[in-house]
Amino acid sequence: MTRGFGIVGTGVIAAIHADAIAMLPETGLADARLVAVTDVATGPAAAFAAAHGCPAEPDLAALLARRDVDVVCVCVPSGLHAQIAIQAASAGKHLVVEKPIDVSLDAADRLIDAARATGVALTVISQHRFDQGLVELKRLLADGTLGRLLLGEASTKWYRTQAYYESAPWRGTYAMDGGSLMNQGVHYVDLLRWCMGPAAEVTAVCVTQAHQIEVEDTALAVVRFASGAVGTILSSTAAFPGFPQRLEITGTDGTVTVEDGRIVGRAFAGNADPAASAVSADVAGSATVNPGGNPAAIDVASHAAQLADLLDAVDTGREPAVTGESGRAALEIVLAVYESSRTGRPVSLSR
Ligand SMILES: NC(=O)c1ccc[n+]([C@@H]2O[C@H](COP(=O)([O-])OP(=O)(O)OC[C@H]3O[C@@H](n4cnc5c(N)ncnc54)[C@H](O)[C@@H]3O)[C@@H](O)[C@H]2O)c1
């Protein structure tokens, strides 16, 4: 059965969703098609629809009234995610919500509750979980190859111009966006938590150094995980020209380093054969774009994999790989970083 997708918000990320939906049947991942889009900016929505071969509906209600829309991709500014997604859930549509889940825990809770109450599936985009290097790292963690986890580092040193922040009124605001950590760093915050387990406490410093924006352009945090392991988070949009996003996980038996979705280093204790510790083609990963300095440079394949995962979850009745709750957990870490920076104190998390 062909699954119909609708996209709400036809800006930068919507193009990746449209391409990912088109990729699903092309790659045999799922039988799906883009049915319709909508945006409050009707002119750009019409142009987007024409480019992707589907109609633009005049408003959200019209898109949600379509019986051939099974899944709604929420691609509006972050502070509107829950508001739009809750309406879509009420219409019985399954939900793909862009990251972050929203910008407040209250909004995230309302969205998660609405999805549960209406029985629709909800996934929050964290496309890098589907990058080949991350899949391989998770396998090594599940096998216990790294031993007991000790240290996890997540680093996003990207560059965004002032013009980027001025390209839309919602960018760089607390109400609709959040800062570097909420927008750009949240990807690797989710990966860090996914690998290391729940965070128990964060201590942080956030600063705004290179842009005229109300939110931070650089955030640094020390994390204590519930397991007793520790870690660091760094996120910046002030690091010219932009560097690979980096995740490094260290356990008692070894360390694995991931950059932009590829494993670039792995070393295991007691492994006498240096070749076995070298990076091999099978774990090198498939990321082909570097988004460090370019907001539109996003690998479509990982989005497609997450959309396919949602459809499989719908078909089989299981939870999606990235749940609303895990989107909320990443948001909780981001908000704890902000609170710690504001108060100058460590902040405990609920887990
Ligand atoms: N997963 C990723 O790698 C990734 C990358 C970029 C952006 N994002 C996320 O995607 C979301 C959108 O970012 P973007 O860069 O595409 O923004 P954008 O400004 O380019 O596009 C947002 C669109 O939403 C529309 N919109 C605003 N309010 C609306 C409403 N009430 N109903 C319908 N449409 C509405 C705007 O007119 C605009 O066209 C953000 O939450 C961002 O964090 C994710």
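All residue numbers refer to positions in the sequence shown, counting from 1. When reading the values below, keep in mind they use all heavy atoms of this one structure, side chains included, and skip hydrogens, waters and symmetry mates.
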Could you check V124 against T323 for side chain to side chain contact (heavy atoms under 4.5 Å, CB included), going step by step and ending with a plain yes or no? CA-CA 6 Å; V124 177; T323 59; over 6 Å; no

Measure the shortest side-chain to side-chain distance between [X] and [Y] over non-hydrogen atoms and say whether it is less than 4.5 angstrom.
{"X": "T257", "Y": "I263", "result": "no"}
{"X": "L60", "Y": "V8", "result": "yes"}
{"X": "I13", "Y": "H303", "result": "yes"}
{"X": "D253", "Y": "L146", "result": "no"}
{"X": "F130", "Y": "D309", "result": "yes"}
{"X": "V96", "Y": "V74", "result": "no"}
{"X": "S155", "Y": "Q245", "result": "no"}
{"X": "V230", "Y": "V222", "result": "no"}

Please assess D109 against R328 for the test salt bridge (Lys or Arg N to Asp or Glu O under 4.0 Å), listing each intermediate value before the final yes or no. CA-CA 8 Å; D109 288 338; R328 184 194 191 279; 2.6 Å; yes

How close do [X] and [Y] get, heavy atom to heavy atom, and via which atoms?
{"X": "Y174", "Y": "V103", "answer": "O-CG2, 4.0 Å"}
{"X": "D102", "Y": "L331", "answer": "O-CD1, 3.4 Å"}
{"X": "L141", "Y": "L149", "answer": "CD2-CD2, 3.7 Å"}
{"X": "P58", "Y": "T42", "answer": "O-CG2, 4.5 Å"}
{"X": "Q162", "Y": "Q212", "answer": "OE1-N, 2.8 Å"}
{"X": "A41", "Y": "P44", "answer": "O-CD, 3.4 Å"}

Assess whether a salt bridge exists between [X] and [Y], defined as any Lys/Arg side-chain N lying under 4.0 Å from an Asp/Glu carboxylate O.
{"X": "R171", "Y": "E214", "result": "no"}
{"X": "D70", "Y": "K93", "result": "no"}
{"X": "E201", "Y": "R345", "result": "no"}
{"X": "E57", "Y": "R66", "result": "yes"}
{"X": "R318", "Y": "D312", "result": "yes"}
{"X": "K138", "Y": "E136", "result": "no"}
{"X": "D190", "Y": "R129", "result": "yes"}

Reported [atom1]-to-[atom2] distance for the pair [X] and [Y], which is rounded to 0.5 angstrom:
{"X": "H128", "Y": "L191", "atom1": "NE2", "atom2": "CG", "value": "7.0 Å"}
{"X": "L34", "Y": "C73", "atom1": "CG", "atom2": "SG", "value": "8.0 Å"}
{"X": "L95", "Y": "I112", "atom1": "CG", "atom2": "CD1", "value": "11.5 Å"}
{"X": "L137", "Y": "L247", "atom1": "CG", "atom2": "CG", "value": "6.5 Å"}
{"X": "D39", "Y": "F48", "atom1": "CG", "atom2": "CZ", "value": "9.5 Å"}
{"X": "H81", "Y": "S104", "atom1": "NE2", "atom2": "OG", "value": "12.0 Å"}

Hey, is the main chain of [Y] close enough, under 3.5 Å, to the side chain of [X] for a donor-acceptor pair?
{"X": "S340", "Y": "A204", "answer": "yes"}
{"X": "Y338", "Y": "M182", "answer": "yes"}
{"X": "K157", "Y": "P244", "answer": "no"}
{"X": "T343", "Y": "E339", "answer": "yes"}
{"X": "E332", "Y": "L105", "answer": "no"}
{"X": "Y165", "Y": "T173", "answer": "no"}
{"X": "T218", "Y": "V207", "answer": "no"}
{"X": "H52", "Y": "A18", "answer": "no"}

Does a donor on one side chain and an acceptor on the other come within less than 3.5 Å for [X] and [Y]?
{"X": "S180", "Y": "E216", "value": "no"}
{"X": "D217", "Y": "H211", "value": "yes"}
{"X": "T156", "Y": "S235", "value": "no"}
{"X": "Q306", "Y": "S126", "value": "no"}
{"X": "T237", "Y": "Y164", "value": "no"}

Within one Ile-Leu-Val-Met-Phe-Trp-Tyr cluster: [X] and [Y], side-chain cutoff 4.5 Å:
{"X": "M196", "Y": "L134", "answer": "yes"}
{"X": "V215", "Y": "W170", "answer": "no"}
{"X": "I7", "Y": "L111", "answer": "no"}
{"X": "L220", "Y": "V202", "answer": "no"}
{"X": "I21", "Y": "I16", "answer": "no"}

Is there a side chain to side chain contact (heavy atoms under 4.5 Å, CB included) between V97 and I125? Walk through the geometry before answering. CA-CA 6 Å; V97 176; I125 289 289; over 6 Å; no

Audit row: S78, D177, side-chain hydrogen bond (donor to acceptor under 3.5 Å, both in side chains) steps and yes/no: CA-CA 5 Å; S78 305; D177 189 3; 4.6 Å; no

Begin from the C-alpha positions of F243 and E259 and carry the test side chain to side chain contact (heavy atoms under 4.5 Å, CB included) through to its verdict. CA-CA 9 Å; F243 299 87; E259 288 187 357; over 6 Å; no

Tell me, with the steps shown, if L29 and M23 meet side chain to side chain contact (heavy atoms under 4.5 Å, CB included). CA-CA 8 Å; L29 279 172; M23 189 183 264; 5.6 Å; no

Yes or no on salt bridge (Lys or Arg N to Asp or Glu O under 4.0 Å) for R116 and E319, after CA distance, side-chain angles and deciding distance? CA-CA 11 Å; R116 294 256 176 247; E319 290 277 328; 3.3 Å; yes

Geometric class of the H187/W158 ring pair [parallel <30°, tilted 30-60°, perpendicular >60°]: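 Tilted, since the angle between the ring planes falls between 30° and 60°.
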
